[in-house]
Amino acid sequence: MNRILIINGPNLNLLGRREPDIYGSATMQSCLAGLRSAFPELSLDYFQSNSEGAIIDKLHAEGFDASLTGIVLNAGAYTHTSLAIADAISAIDVPVIEVHISNVHAREEIRHRSLISPVCRGVIAGFGLDSYRLAILALLK
Ligand code: DQA
């Protein structure tokens, strides 16, 4: 059975309440329920933290597990700032797909730069919460 881990970074615990014009009004819990019914054969784990170090610790803890198919990472604003998360992704074996709910390239210039894109397998951005489903499809291929 494939196992995939979704990691969400800072402020993504507020999905559904946070700037709904940008991020929509659905919660991550309803997104996860939809993903679990869309992919019944998949074991889907979820981790969210507002702390850079906790995200790095999770990448270290899971990233050498040969039975893990991949990690879907929405690093939130750390995408644009965290060389430490980029280094953690480089260090691990498991492939990581970078995901964004919004189209970061259509937003403020500071969001156009990602420190993690060069070390991720690929990037999916701009499809709302469906970005997570598209990333899972990419990992399962
Ligand atoms: C985000 C985009 C980031 O720029 C922002 O800081 C977020 C969410 C997205 O999913 O669109 O927190 O990663």
Side-chain angles (χ1 to χ4, degrees), residues 1-65 67-141:
M1 186 195 249
N2 281 295
R3 184 169 80 87
I4 287 176
L5 168 66
I6 295 177
I7 299 179
N8 269 350
N11 301 305
L12 292 163
N13 53 311
L14 296 181
L15 278 177
R17 285 198 287 169
R18 172 194 184 199
E19 300 180 272
D21 45 319
I22 298 173
Y23 299 111
S25 51
T27 64
M28 195 62 201
Q29 282 57 44
S30 70
C31 174
L32 287 169
L35 291 171
R36 289 190 174 115
S37 66
F39 298 100
E41 303 294 293
L42 181 67
S43 166
L44 190 59
D45 293 335
Y46 178 64
F47 177 79
Q48 190 276 330
S49 178
N50 294 318
S51 305
E52 188 175 20
I55 294 167
I56 292 166
D57 288 343
K58 189 68 174 174
L59 289 166
H60 292 178
E62 301 270 7
F64 296 95
D65 181 348
S67 71
L68 183 59
T69 305
I71 295 172
V72 173
L73 173 63
N74 185 346
Y78 288 141
T79 304
H80 317 299
T81 63
S82 181
L83 188 58
I85 290 178
D87 283 351
I89 296 167
S90 291
I92 63 176
D93 297 334
V94 173
V96 176
I97 300 210
E98 174 183 351
V99 155
H100 301 286
I101 297 162
S102 64
N103 178 356
V104 282
H105 298 287
R107 299 182 63 193
E108 310 96 295
E109 201 172 338
I110 197 166
R111 297 184 202 274
H112 299 180
R113 182 185 72 158
S114 167
L115 296 188
I116 68 172
S117 294
V119 292
C120 286
R121 185 63 62 90
V123 183
I124 295 172
F127 298 98
L129 290 176
D130 206 34
S131 294
Y132 292 95
R133 187 183 63 83
L134 296 169
I136 290 170
L137 280 177
L139 281 171
L140 292 177
K141 281 215 160 169

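Model, not experiment: these values are computed from the prediction. Order of appearance sets the numbers: ligands from 1, and atoms from 1 within every ligand.
Using a 4.0 Å cut-off between a side-chain N of Lys or Arg and a carboxylate O of Asp or Glu, Glu41 and Arg36 do not qualify as a salt bridge.
Applying the 6.0 Å contact sphere to CD of Glu108 captures more than 12 heavy atoms from other residues, nucleotides or ligands.
Side chain of Ser30 to main chain of Ala26: no donor-acceptor pair is present (N/O by atom type, distance under 3.5 Å, no hydrogens or angles).
The side-chain hydrogen bond (donor to acceptor under 3.5 Å, both in side chains) test with Ser114 is passed by exactly one of His105, His100, Glu98, His80: Glu98.
Pro10 and Gln48 get closest at one heavy-atom pair: CA-NE2, 4.3 Å. When all heavy atoms of Asn50 and Asn11 are compared, the closest pair comes out as OD1-N, 2.9 Å.
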Give every pair formed by an N or O atom of ligand 1 and a protein N or O atom closer than 3.5 Å, one pair per line with both atom names and the distance to 0.1 Å, or write none.
unit_1: ligand 1; atom_1: 4 (O); unit_2: His80; atom_2: NE2; d: 2.7
unit_1: ligand 1; atom_1: 4 (O); unit_2: Arg111; atom_2: NH1; d: 2.9
unit_1: ligand 1; atom_1: 6 (O); unit_2: Ala77; atom_2: N; d: 3.2
unit_1: ligand 1; atom_1: 6 (O); unit_2: Arg111; atom_2: NH1; d: 3.0
unit_1: ligand 1; atom_1: 10 (O); unit_2: Asn74; atom_2: ND2; d: 2.8
unit_1: ligand 1; atom_1: 10 (O); unit_2: Ile101; atom_2: N; d: 2.7
unit_1: ligand 1; atom_1: 11 (O); unit_2: Ile101; atom_2: N; d: 3.2
unit_1: ligand 1; atom_1: 11 (O); unit_2: Ser102; atom_2: N; d: 2.8
unit_1: ligand 1; atom_1: 11 (O); unit_2: Ser102; atom_2: OG; d: 2.6
unit_1: ligand 1; atom_1: 12 (O); unit_2: Arg18; atom_2: NH1; d: 3.1
unit_1: ligand 1; atom_1: 12 (O); unit_2: Arg18; atom_2: NH2; d: 3.0
unit_1: ligand 1; atom_1: 13 (O); unit_2: Asn74; atom_2: OD1; d: 2.8
unit_1: ligand 1; atom_1: 13 (O); unit_2: His100; atom_2: ND1; d: 2.8

